[in-house]
2 protein chains.
Amino acid sequence: MGDPRVTDAFATYLRSHNLPVTEQRLAVADVVLSADEHLSAEEVETRLAGRGVSVGTATVYRTLDVLVKSGLVVERDFGEGFRRFESARGMPHHEHLICTVCGQVAEFRDERLERMTTLVAEAHGYVRQRHRLVIYGVCAKCRG
Amino acid sequence: MGDPRVTDAFATYLRSHNLPVTEQRLAVADVVLSADEHLSAEEVETRLAGRGVSVGTATVYRTLDVLVKSGLVVERDFGEGFRRFESARGMPHHEHLICTVCGQVAEFRDERLERMTTLVAEAHGYVRQRHRLVIYGVCAKCRG
DNA sequence: CTCATTGCAAAGGATTTGCACTAAT
DNA sequence: ATTAGTGCAAATCCTTTGCAATGAG
């Protein structure tokens, strides 16, 4: 279930770091890396259950941490009170647009932000590391 | 303690909405509205205690909600795992710059963002409501 | 065989809620 | 008098941790 190529990168990462390659880790990685939504830890667990695989909550969180450290997954915080995880998929930095009615998430890129935030940071004596922009609005479907 | 003028606006709001004007509400409002930092609920409670006023945790949270609804206070989420509250002080929308070492927060404004986010939202079929931009970096002091 | 991972349940931190009690209007 | 607010403790939600059992290398 799932494209083996997506989890291969994680298995390689684990081996090169002398970390055990376990069934649970590969299962979590497969769910997150092959999803195209931004999943919460709970959603990951539910999807695993849906596949008949049962992975403990603690292991899901622990594996998500490893995935984030590996760089294969990016952590997101949309201010919902919990975190979401998204496959990095080699996709460059991008911003999010969230529907405040249904929660639908759209993504976009704007290279100007990189430059703009660097300049603003400098002007305040900071050295920029990263930025996060989230736009809240109502999607077309919810205005139907 | 504290400038009565800052809490007057809140008292007026409460009366105009037929909500009881209580000592606790005014105390919480005074702490948040006269602070120039972004306070967490716990910090608000600590400051109240420092003034010799004791307000229950639940009441602090409940009052912060009312303050946010009144528009006098704005809620912030810097991804720390808890919320912060900032006086709106008639200040227009602004963005935040956060030092990832010491947590120091700087603020800035950029009117271009308003227009830019509106256009991006439109391009994706959304009607923009608001946006939030946070830049993470290291401040001058922490590099010193 | 050895050491890291797993699962479960308990612990944690932030925030909310139920409820008897008190205060505002 | 009414009605809403208050404090406390219990409950909730998301996440982390302790620990004995298990599995990878």
Side-chain angles (χ1 to χ4, degrees), chain A residues 7-8 10-32 38-49 51-70 73 75-85 103, chain B residues 7-8 10-32 38-49 51-70 73 75-85 103:
Chain A
T7 49
D8 272 0
F10 189 45
T12 301
Y13 171 86
L14 292 172
R15 289 198 198 89
S16 71
H17 287 253
N18 295 309
L19 297 171
V21 177
T22 67
E23 201 187 308
Q24 291 91 331
R25 280 177 170 167
L26 295 181
V28 171
D30 187 46
V31 165
V32 180
H38 303 70
L39 303 175
S40 64
E42 194 185 11
E43 286 167 344
V44 171
E45 209 174 336
T46 305
R47 294 200 179 194
L48 286 167
R51 296 182 178 192
V53 186
S54 167
V55 179
T57 309
T59 298
V60 170
Y61 278 102
R62 285 187 284 229
T63 304
L64 287 170
D65 281 351
V66 180
L67 279 163
V68 169
K69 280 195 195 102
S70 79
V73 164
E75 192 182 327
R76 304 286 181 195
D77 180 354
F78 296 146
E80 300 167 291
F82 55 86
R83 293 172 290 162
R84 288 184 175 279
F85 300 85
Chain B
T7 50
D8 273 0
F10 189 46
T12 301
Y13 171 85
L14 291 171
R15 289 200 198 87
S16 71
H17 288 253
N18 294 311
L19 297 172
V21 177
T22 68
E23 201 186 308
Q24 292 90 328
R25 282 178 168 167
L26 294 181
V28 171
D30 188 46
V31 164
V32 180
H38 303 71
L39 304 175
S40 64
E42 193 185 11
E43 287 168 343
V44 170
E45 207 174 339
T46 305
R47 294 202 180 194
L48 286 166
R51 296 181 179 193
V53 186
S54 168
V55 178
T57 309
T59 299
V60 170
Y61 279 102
R62 285 187 283 231
T63 304
L64 287 170
D65 281 351
V66 181
L67 278 163
V68 169
K69 281 195 195 104
S70 79
V73 165
E75 193 182 327
R76 303 289 180 191
D77 179 355
F78 296 145
E80 302 168 290
F82 53 85
R83 292 172 291 164
R84 289 183 175 279
F85 299 85

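This structure is a prediction, so every number in the text was calculated from the model and none was measured.
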Trainee: Would you kindly give the CZ-to-C1' distance between Arg25(A) and dA4(C), to the nearest whole Å?
Mentor: 8 Å

Trainee: Leu26(B) has an atom CG; how far is it from atom P of dT6(D), in whole Å?
Mentor: 10 Å

Trainee: Thr59(B) side chain N/O closer than 4.0 Å to the phosphate oxygens (OP1, OP2) of dG7(D)?
Mentor: yes

Trainee: Can you measure Glu45(A) atom CD to dT6(C) atom P for me and round it to whole angstrom units?
Mentor: 13 Å

Trainee: Could you give the CG-to-C1' distance, from Leu67(B) to dG5(D), as a whole number of Å?
Mentor: 15 Å

Trainee: Counting only N and O atoms by type, is there a donor-acceptor contact under 3.5 Å from the side chain of Arg25(A) to the main-chain atoms of Pro20(A)?
Mentor: yes

Trainee: Between Thr63(A) and Gln24(A), does any side-chain donor sit less than 3.5 Å from a side-chain acceptor?
Mentor: no

Trainee: Measuring to OP1 and OP2 of dG23(D), would you say a side-chain N or O of Gln24(A) lies under 4.0 angstrom away?
Mentor: no

Trainee: Mind checking the P distance from dC14(D) to dA10(D)? Whole angstroms is fine.
Mentor: 22 Å

Trainee: Whole Å only: how far is the CG atom of Leu48(B) from the P atom of dG7(D)?
Mentor: 10 Å

Trainee: Take the protein atom CG of Asp77(B) and the nucleotide atom P of dA14(C), then report the distance between them rounded to whole Å.
Mentor: 13 Å

Trainee: For Glu42(A), look at atom CD and say whether over 12 heavy atoms of other residues, nucleotides or ligands are found less than 6.0 Å away.
Mentor: no

Trainee: Taking the side chain from Arg84(A) and the backbone from His38(A), do they hold a donor-acceptor pair closer than 3.5 Å?
Mentor: yes

Trainee: Could you run through nucleotides 15-25 of chain C and give me one letter per nucleotide, 5' to 3': B if any protein heavy atom sits under 4.0 Å from the base, S if only the sugar-phosphate is that close, - if neither?
Mentor: BBBB-----SS

Trainee: Please report, rounded to the nearest Å, how far the P atom of dC14(D) is from the CZ atom of Phe78(A).
Mentor: 16 Å

Trainee: To the nearest 0.5 angstrom, please state how far the OG1 atom of Thr57(B) sits from the CZ atom of Arg62(B).
Mentor: 10.0 Å

Trainee: Closest nucleotide of DNA chain D for Val60(B) versus for Asn18(B): which of these residues is on the 5' side?
Mentor: Asn18(B)

Trainee: Measure across Leu26(B) and Thr7(B) and return the closest heavy-atom pair with its distance rounded to 0.1 Å.
Mentor: O-CG2, 3.7 Å

Trainee: For the atom pair CZ (Phe78(A)) and CG (Asp77(B)), what is the distance rounded to the nearest 0.5 Å?
Mentor: 12.0 Å

